[in-house]
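Here the structure is laid out as structure tokens; the discussion comes afterwards.
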Amino acid sequence: MKEIEKERQMIRETAIKTAQRIVQPRAAEIDGTGEFPWDLVEAFGKQGLLSLLLPEEYGGMNGDITSLCLVVEEIAKISGSSSLLLLTQAIGTMPISLGGNSSQKERYFTQISEKNSLTAFALNEPEAGSDATFIKTGAKRQNKDYLLQGRKCFITHGSVAHLYSVFALTDPDKGAEGISAFVVANGTPGLRFGQKEEQIGMRGIVTTDVIFEDCRIPQENRLGEEGQGWKIAANTLNLSRPAMGAQAVGIAQGALDYAIRYANERIQFKKPIASFQAIQFMIADMATQTEAARALVYQAAAHVDARFEETEKLSAMSKLYASDVAMRVTTDAVQILGGYGYIKDYPLERMMRDAKVTQILEGPNQIQRFVVAHHLFKE
Ligand SMILES: Cc1cc2nc3c(=O)[nH]c(=O)nc-3n(C[C@H](O)[C@H](O)[C@H](O)COP(=O)(O)OP(=O)(O)OC[C@H]3O[C@@H](n4cnc5c(N)ncnc54)[C@H](O)[C@@H]3O)c2cc1C
């Protein structure tokens, strides 16, 4: 047990150093230009962070969900979009971990760890958002191949990934049970991408449509058996939601730290505004909520890592609560800066914009509440 703790601590320290030395100087610029930060990809790759969850035998860091949460939280304190880059990388590899056989793991994981290949998780479609089982993208069997046809939308790492975990119908009559999972490599004929979305937040992240037009892939690219795709997708989201929560905690903590520093320095009525009880109470509430969110996130991560049978409720709760806290805390942090919070010279408006999408990604919070309620009433 102590060994795991030591390894997690080392991974966390790597993330702290990377956040301060490499991400901090670039955070505002990345948000301003909206350009995908290939320099950060290279830096994260060098630190092994792009292969965090992959087994050591394939060149990975053998990290668990708790380590992923620690890394994502530290990076998110500085830049939401840079933490989303790492989070997306982890989510893109999870379907291979969950459904891949040993030769697929050898092939893809080795490629990721040796070449720092980026991955993406392609489930969402124009008519299948919250109800992700309603996808239309088809994978039609043709001898030893599949022909993919359809359109995914809002895919993070859309046009920049090297490998896509894709969910498509092999048996349209069976609904969710007719969904299968595949890996599609960038460059496969018939795979193309839409325009980069102009986002209000997480602006360093590329989000595009991923389009399949008679895109032929061999059956060796299928993960698991036909019909197991939905289970793989749902289990992936169950694993990744605590990390999405950790990202929200990081954004909230970054905003809180900044607001405290500012409140100590800003003088009004001949005193630092930190001396006013109204500000102190706001900060106390922000800190309490952030700490509560962190506790829930790491409890969910611990349950997932321990492979407890029932983790879906806690996993949904952690993402739901932490993202609502991030939105509240960043909004209050903007308030503490007054007019300065509302201008781009200060990082808090960026943090508030970045926080917003944590309430939407991986299933909006209304759907997380639905998941939690479903478990409570079942119990
Ligand atoms: C920046 C960004 C990056 C993304 N990255 C990825 C990615 O990498 N891979 C991927 O697969 N997807 C990705 N997504 C998609 C994301 O997961 C979806 O946007 C999300 O699941 C919601 O789907 P939707 O946008 O279609 O909203 P809708 O499903 O249309 O929902 C609209 C609203 O209705 C509410 N609603 C819907 N159904 C119910 C209900 N039954 N009860 C109560 N309220 C309901 C929702 O909560 C929401 O508030 C990304 C989205 C964004 C914005």
Side-chain angles (χ1 to χ4, degrees), residues 30-31 34 36 72 76 79-95 118-137 150-169 176 179 181-184 186 193-212 229-230 232-241 243-245 247-248 251 315-316 319-320 323-324 326-327 350 353-374 377:
I30 290 169
D31 179 68
F36 187 68
V72 162
S79 161
S81 74
S82 305
S83 69
L84 186 55
L85 192 161
L86 287 172
L87 189 44
T88 303
Q89 177 72 356
I91 298 170
T93 62
M94 284 174 186
L118 290 181
T119 66
F121 175 82
L123 175 65
N124 195 74
E125 296 185 7
E127 290 174 68
S130 297
D131 182 5
T133 59
F134 200 61
I135 60 169
K136 296 276 168 58
T137 295
R151 176 184 283 261
K152 301 286 176 184
C153 68
F154 288 134
I155 305 306
T156 310
H157 288 178
S159 55
V160 297
H162 303 88
L163 297 170
Y164 297 81
S165 291
V166 177
F167 299 87
L169 286 168
I179 297 174
F182 301 90
V183 176
V184 181
N186 200 339
F193 310 103
Q195 292 288 314
K196 180 178 182 290
E197 302 291 354
E198 264 305 324
Q199 291 163 196
I200 61 165
M202 301 288 191
R203 287 178 44 77
I205 272 298
V206 176
T207 310
T208 72
D209 284 6
V210 174
I211 303 154
F212 305 96
W230 178 248
I232 294 172
N235 285 340
T236 295
L237 294 173
N238 193 34
L239 288 179
S240 66
R241 279 177 185 145
M244 186 59 72
Q247 164 162 270
I251 295 173
S315 185
K319 186 274 191 198
L320 155 68
S323 58
D324 282 354
M327 198 63 233
R350 163 168 62 82
R353 286 185 280 109
D354 288 349
K356 183 61 211 171
V357 85
T358 65
Q359 296 179 302
I360 299 170
L361 277 176
E362 297 209 346
N365 283 358
Q366 286 81 356
I367 301 304
Q368 306 307 320
R369 288 186 170 86
F370 170 80
V371 171
V372 173
H374 172 78
F377 286 108

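Just so you know, ligand 1 is whichever comes first in the structure, and atom 1 is the first atom listed for that ligand.
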Assess the residue pair Phe193 and Tyr164 against the criterion (ring pair (Phe, Tyr, Trp, His ring centres under 6.0 Å)); give the C-alpha distance rounded to whole Å, side-chain angles, the decisive distance to 0.1 Å, and a yes or no.
CA-CA 12 Å; Phe193 310 103; Tyr164 297 81; 5.7 Å; yes
Sequence neighbours left out, what passes side chain to side chain donor-acceptor pair (under 3.5 Å) with Thr358? Give chain and number order.
none
ring-ring contact (aromatic ring centres under 6.0 Å, His included) partners of Phe154, counting only residues at least two apart
none
Write none if no such pair exists; otherwise list each N/O atom of ligand 1 with its protein N/O partner under 3.5 Å and the distance.
| unit_1 | atom_1 | unit_2 | atom_2 | d |
| --- | --- | --- | --- | --- |
| ligand 1 | 5 (N) | Phe154 | O | 2.8 |
| ligand 1 | 5 (N) | Thr156 | OG1 | 2.7 |
| ligand 1 | 8 (O) | Thr156 | N | 2.9 |
| ligand 1 | 8 (O) | Thr156 | OG1 | 3.3 |
| ligand 1 | 9 (N) | Phe121 | O | 2.8 |
| ligand 1 | 11 (O) | Leu123 | N | 3.1 |
| ligand 1 | 11 (O) | Asn124 | N | 2.8 |
| ligand 1 | 14 (N) | Phe154 | O | 3.2 |
| ligand 1 | 29 (O) | Ser130 | N | 2.8 |
| ligand 1 | 29 (O) | Ser130 | OG | 2.7 |
| ligand 1 | 47 (O) | Gln366 | OE1 | 2.9 |

Do any N or O atoms from the side chain of Lys319 and from the backbone of Leu361 form a donor-acceptor pair under 3.5 angstrom?
yes
CA sep, side-chain torsions, deciding dist, call: Asp209, Glu197, side chain to side chain contact (heavy atoms under 4.5 Å, CB included)
CA-CA 9 Å; Asp209 284 6; Glu197 302 291 354; 4.0 Å; yes
Residues 80-87 side chain polar contacts: donor-acceptor under 3.5 Å, at least two apart:
| unit_1 | atom_1 | unit_2 | atom_2 | d |
| --- | --- | --- | --- | --- |
| Ser82 | OG | Ser79 | OG | 2.8 |
| Ser83 | OG | Gly80 | O | 2.8 |
| Ser83 | OG | Gln247 | OE1 | 2.6 |

